[in-house]
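Below: the structure, in C-alpha cells.
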Number of protein chains: 4
Amino acid sequence: MSVTLLFPDAGDEAGPGKREQTKAQNRDAILKAARAVFSELGYEAASVRDIIRRTGLASGTFYNYYRSKEEVAKALVADVAQRLRPILRAQREQAHDFESYLNGAIRAYFQFIIDELRNWGPGRPRGDRNPYIKVQTPGQGAVFEEIQASINLVLELGLGPRVDTEFLTAALIGVAQNIGEKMLARDPIDLDAAADFAVNLILHGVSAMPRRHPA
Amino acid sequence: MSVTLLFPDAGDEAGPGKREQTKAQNRDAILKAARAVFSELGYEAASVRDIIRRTGLASGTFYNYYRSKEEVAKALVADVAQRLRPILRAQREQAHDFESYLNGAIRAYFQFIIDELRNWGPGRPRGDRNPYIKVQTPGQGAVFEEIQASINLVLELGLGPRVDTEFLTAALIGVAQNIGEKMLARDPIDLDAAADFAVNLILHGVSAMPRRHPA
Amino acid sequence: MSVTLLFPDAGDEAGPGKREQTKAQNRDAILKAARAVFSELGYEAASVRDIIRRTGLASGTFYNYYRSKEEVAKALVADVAQRLRPILRAQREQAHDFESYLNGAIRAYFQFIIDELRNWGPGRPRGDRNPYIKVQTPGQGAVFEEIQASINLVLELGLGPRVDTEFLTAALIGVAQNIGEKMLARDPIDLDAAADFAVNLILHGVSAMPRRHPA
Amino acid sequence: MSVTLLFPDAGDEAGPGKREQTKAQNRDAILKAARAVFSELGYEAASVRDIIRRTGLASGTFYNYYRSKEEVAKALVADVAQRLRPILRAQREQAHDFESYLNGAIRAYFQFIIDELRNWGPGRPRGDRNPYIKVQTPGQGAVFEEIQASINLVLELGLGPRVDTEFLTAALIGVAQNIGEKMLARDPIDLDAAADFAVNLILHGVSAMPRRHPA
DNA sequence: CATGAATGAGCATTCATTCAT
DNA sequence: AATGAATGAATGCTCATTCAT
C-alpha cells in the first residue's frame, strides 16, 4: 500500500501553477507532434491517432485540447502567422519603394522557411505515394497566406506598379514559393542567390537577367 | 455431324460487341467518377468507396478495372499527359526563340486548362475542410509535370537565357500555375489578358509592365 | 494549496479496479467465444467476425485484446499447455517403468479431455460441411503437442523399450487420440475401459487382449 | 472478317464425340487443379477461385461441372475410394486370419499413400499458418474412411480378436495414420520397416517388439 | 484533468455465384 | 456449353470520438 501526497500548487508566487504549466506543456506537445506528423505523413494522410501516439499522452487527453485534426492544424497555422506577420510588417514599414519592399519581403520569407525547415522536415518525402501530387502542410499553407496578404497590402496601397494586382500577387507568390522550394533542396542553402534571382526576375524579367555562364 | 459458322467480327463497319461496349462504358464511368471525386474531395481524402458510389456500379466491379485508387489516378495522369504532350511538343518545334516558345507554351497551357475545366471542377472547393491546404488532383499534377518537362527541354537546348535553369523553370511554373488559376476564377475567362500578363512579366519584369489604370 | 491523498491500492484484500475487472472479463469472453466458434466451425472456417458476434462486444473491442484470429488461437493453446503440462510432468516423475508411465499418462490425458469436453463441444459437429475432413481446434492441437512432448521425453530418457522412438511416439499418439475420441462419444463415458484398452493394446498387442464377449 | 468452320462431331465411329471429350477433359482438369490446390493451401483455405485459376477455364465453366468446392471434394473422395476399395477388398478376400489381413491391409494402405504422394504434395506445408492445426485434404480423409470401413468389415465378420471392435478400429486407424505419415516424411521411404513396426505393435504390443539398437 | 477501453461506422478488398453474350 | 463481367455480401481491420474511472 502506498500513500501519495501531491501538492499541486504549493506556493503563492506568481507564474503559472503546476496545473497551468502542465496544460501548456500538453498543448505544446500536441502541436509539436502534429507538426512532425504532418510533415512526415502529409496533412491528409495523418490521423489523430498518429499525433496522439507521437505525443505519448492518452488518447482522451487530446480532445481536452483540440477537437479534431483540423483544429490542431488551425492552431499550427495561427502559430506560423503570429511569427511571420510582424516580420513582414516590418518590411512593409521600412520599404519606401516597391523594389526595396520586394527585396526585403522575399528575403524575410526565404529566411523564415529556412528557419522553419528544422520544424517541418525536408519538404514532402511522402510524395512516394503519388509522385504527381504535391502535399502541403498547414504550416506551409499558412506561410503563403501571410505573404500573399502582405503583398496585397502593399499593392493596394499603390506602392507597386499599377498593374492587375491580383495577377501580380499570384505571380509573385508562385515565384517565391517555387524558388524557395528549390533553394531548400540545395546543399548548401544559398539564400542570397535565390533571393537575387527571384527579385531580379520579377523586377526586370528574363531579358535583364545576368548570364549564368558568360560562355 | 453439324457445321457451325461463326462470324464473330463480320465486317469493317461492325462495332465492338456489347460486352466490349459496356466494358468501355464502365471504365469511362469510373474514370469520370474518379475525376469528380478527386476534384471535390481532394486526392488523399477521396476513398475508393467514394468513387464507386459516384459510379453506381457494384463495389466489386471497380476492381475488375483498377486495383486501387492509385491505379485510377495513374490512368487519369496518363490520359492528361497523352493529350497535353503533343500540344507542347508542337509549340517547341514551331518556336525559334525563347520569346515565341514562351508565348506559345503559356497559351497552350492556359487553353488546355480552360478546356479541362469542365473535367476538373472549379478549382478546389474542398478547401472547406482546411482553407490553408491546397490540394492537387492527379490531373493537375500531371499537367505541371508535362509543362515542367517541356520547359526543361527548351532550356537545356540552350534556347532560353543562360541563367540558372532550375530556378527559371521553377519560377515559370509558379507564374503559370498561379496566374492560370486566377484566370479560371474570373468570369468571363480572358485567356489573352492572362497570357499577356504572364509572358510580359517573365520577359521584361514588373518595370516594363503596361499600366493597368492609366488614371 | 491543496493536499490530495490517493490510495490507489489500499491493502491486500483490495481487488482489481473496475477497469481491470472488465478487461479481464472481456478477455475471457473473447477466449470463450473463440473456443466455441473454433469448435463449431473449425479453426480455418471461423472468422474474427464470428468470434466477435458471439462475444456481443463491438468489433473494435476485439482488437484491443488480440490482433488476429491467430493470436486468439495462440492464447488458447498457451492456456491448454499451461494446464496440461504440470499434470504430465507429475506422471513422468512418479513413474519408474514404462508401463506405469504409460498408464498414468493415458489416464491423465483421458481425464483432461473429459474435463475439457464442456469447453470444446462434442467433437466436430461441423463435419456437416464435409464429413471426410477432420478439423482440429487449436486446443486439441495443443493437447497433442503436449502429450507428444511428454512421450518423447520419456522415450529419450531410455525408460521405454528400445525401439524406433519416432514410430513409437506416432503410434502412441494415434492410439490415444482415436480411442479418446471414441470414449468421449459414448454415454456414459467410461475412462477406465478406454484407458485399459489403450494401455493393454500398446503393451501386449491384440493377441493378449481379453475377449470382449466370451460368447 | 473471319469464317470459322467447326466440325465438332465429324464421324460415325464409336467413342466419345469431341463434345463429350472436352467435357471429360474439363472435369478432369478441375479435379486435378482441385487436388493440387487442396494440397497446397489446405481444404478450408482453398477457394473456388483458386481452383478455377489453376484450371485456366473461365469462372462460369466451373459451375457447369460442380456446384461448389464441397462438390469437387466429394468427387475427389469418390475417386480415391474407387481406387482404394478394390485393393482392400482383395486383401480381405485373400486373408484367412487376422494377422494376414492386417499385414496385407497395412501394406496396401502404405503403398497407396506412397503412390498418391505425388498427387497430394508432401503432406501439409501450410502448417505455417498455425503449427498446432493438422489439416486434412479430402483425399486423405477419404483414405481413412476406406480403411476404416475395411477393418470394420473384417472385425464384424468375427475374423479378428473378440474385443471392443470400435476401440480396436480406432486404434488401428490411429497407428496406421500416424506411422504412415512418419514413413512418408523419411528419406528414403521404407515401407517394410514401417509396416513391420505397425503390424508387430498391434499384434504383440510393445513388450514383444524387437530392440532397435541391441546395444 | 488524465486515462485508455469501448464503440460502431467506415474502408479496402475478396469471394461465390449468376447470367447475358 | 463456354465465357468472363457484374454483383453485393462478407471479411479483416482502423479510426475518431466518448465516457466511466
Side-chain angles (χ1 to χ4, degrees), chain A residues 8 18-20 22-23 26 46-53 55-70, chain B residues 4 8 17-27 46-53 55-70, chain C residues 4 8 16-27 45-53 55-70, chain D residues 6 8 18-20 22-23 26-27 46-53 55-70:
Chain A
K18 256 231 180 75
R19 201 59 159 261
E20 279 67 25
T22 336
K23 272 176 64 171
N26 283 347
S47 72
V48 174
R49 268 165 110 92
D50 291 324
I51 300 173
I52 291 171
R53 251 195 298 275
T55 277
L57 295 170
S59 56
T61 304
F62 175 90
Y63 291 90
N64 286 336
Y65 296 93
Y66 300 98
R67 263 202 292 274
S68 63
K69 186 173 75 166
E70 280 75 16
Chain B
T4 309
K18 208 175 206 170
R19 288 289 265 278
E20 270 57 17
Q21 209 177 315
T22 45
K23 265 181 68 171
Q25 278 173 9
N26 282 346
R27 184 165 244 110
S47 72
V48 173
R49 289 280 252 255
D50 290 325
I51 300 173
I52 290 169
R53 259 194 293 272
T55 275
L57 296 170
S59 56
T61 303
F62 175 90
Y63 293 92
N64 285 339
Y65 294 92
Y66 301 98
R67 264 202 291 275
S68 62
K69 188 174 73 165
E70 281 75 16
Chain C
T4 309
K18 210 177 207 166
R19 288 289 263 276
E20 271 59 18
Q21 210 175 316
T22 45
K23 265 181 69 170
Q25 277 172 9
N26 282 346
R27 186 165 241 110
S47 73
V48 174
R49 289 275 254 251
D50 289 326
I51 300 173
I52 290 169
R53 260 193 293 272
T55 274
L57 296 169
S59 57
T61 303
F62 175 90
Y63 293 92
N64 285 340
Y65 294 92
Y66 300 98
R67 265 202 290 275
S68 63
K69 188 174 73 165
E70 281 74 19
Chain D
L6 296 180
K18 257 230 180 73
R19 201 58 159 264
E20 280 68 29
T22 336
K23 271 177 64 172
N26 282 347
R27 200 174 284 276
S47 72
V48 173
R49 267 165 112 93
D50 291 324
I51 300 173
I52 291 170
R53 252 195 297 273
T55 276
L57 295 170
S59 56
T61 304
F62 175 90
Y63 291 90
N64 286 335
Y65 295 93
Y66 300 98
R67 265 202 290 274
S68 62
K69 188 175 73 167
E70 281 74 17

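Note on naming: letters A, B, ... go to the chains in the order of the sequence lines (proteins, then strands), and numbering restarts at 1 for each one. Note that this is a predicted model, so its numbers are computed, not measured. Atoms considered below: every heavy atom in the structure, side chains included; atoms not considered: hydrogens, waters and symmetry mates.
Atom CZ of residue D/Phe62 and atom CD1 of residue D/Ile51 lie 5.0 Å apart, to the nearest 0.5 angstrom. Here CZ of B/Arg27 is found 4.5 Å from OH of B/Tyr66. Values are rounded to the nearest 0.5 Å. How far OH of B/Tyr63 is from OG of B/Ser68: 8.0 Å, rounded to the nearest 0.5 Å.
Distance, D/Leu57 CG to F/dG4 P: 10 Å, rounded to whole Å. For the pair D/Phe62 CZ and E/dT17 C1', the computed distance is 11 Å after rounding to whole Å. Per the geometry, NZ belonging to C/Lys23 stands 9 Å off P belonging to E/dG4, to the nearest Å. Remark: P of E/dA16 and OH of D/Tyr63 are 6 Å apart, rounded to the nearest angstrom. E/dC19 atom C1' lies 17 Å from atom CZ of D/Arg67, rounded to whole Å. Summarising the geometry, the separation between CD on C/Gln25 and C1' on E/dA5 is reported as 13 Å, rounded to the nearest angstrom. Summarising the geometry, the separation between CG on A/Asn26 and C1' on E/dC1 is reported as 9 Å, rounded to the nearest angstrom. Rounded to whole angstrom, the span from the CD1 atom of D/Ile52 across to the C1' atom of F/dA2 amounts to 13 Å.
Among the nucleotides F/dA6, F/dC13, E/dT7, the one closest to the side chain of B/Thr61 is F/dA6. Across F/dA1, F/dC13, E/dA6, the shortest atom-to-atom separation from the side chain of D/Asn64 is found for F/dA1. Ranking F/dT17, E/dT7, F/dC13 by closeness to the A/Ser68 side chain, first place goes to F/dT17.
Heavy atoms of C/Arg27 sit nowhere under 4.0 angstrom from any nucleic acid atom. Note on C/Tyr65: only backbone sugar-phosphate atoms sit closer than 4.0 angstrom, heavy atoms only; bases stay farther off.
Residue D/Ser59 places a side-chain atom within donor-acceptor reach of the base of F/dA5, judged by atom type and a 3.5 Å distance cut-off alone. Applying the 3.5 Å distance criterion, the base of E/dA5 shares no donor-acceptor pair with the side chain of C/Thr22. Judged by atom type and distance alone, B/Arg49 does not reach the base of E/dG10 through any side-chain donor-acceptor pair under 3.5 Å.
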Inset, instruction - Determine, step by step, whether B/Asn26 and B/Lys23 satisfy the side chain to side chain contact (heavy atoms under 4.5 Å, CB included) criterion, reporting the C-alpha distance in whole Å, the side-chain angles of both residues, the deciding distance to 0.1 Å, and the verdict. - result: CA-CA 5 Å; B/Asn26 282 346; B/Lys23 265 181 68 171; 5.8 Å; no
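Mapped onto DNA chain E by nearest heavy atom, B/Lys69 and C/Ala58 fall at different nucleotides, with C/Ala58 at the one closer to the 5' end.
Side-chain atoms of B/Arg53 and B/Asp50, non-hydrogen and from C-beta on, do get closer than 4.5 Å to each other.
Using Watson-Crick or G-U wobble geometry with both donor-acceptor distances under 3.5 Å, F/dT21 finds its partner in E/dA2. The partner of F/dC13 is E/dG10, by the rule that a Watson-Crick or G-U pair needs both atom distances under 3.5 Å.
Between C/Arg19 and F/dC19, a side-chain N or O to OP1/OP2 separation shorter than 4.0 Å is absent.
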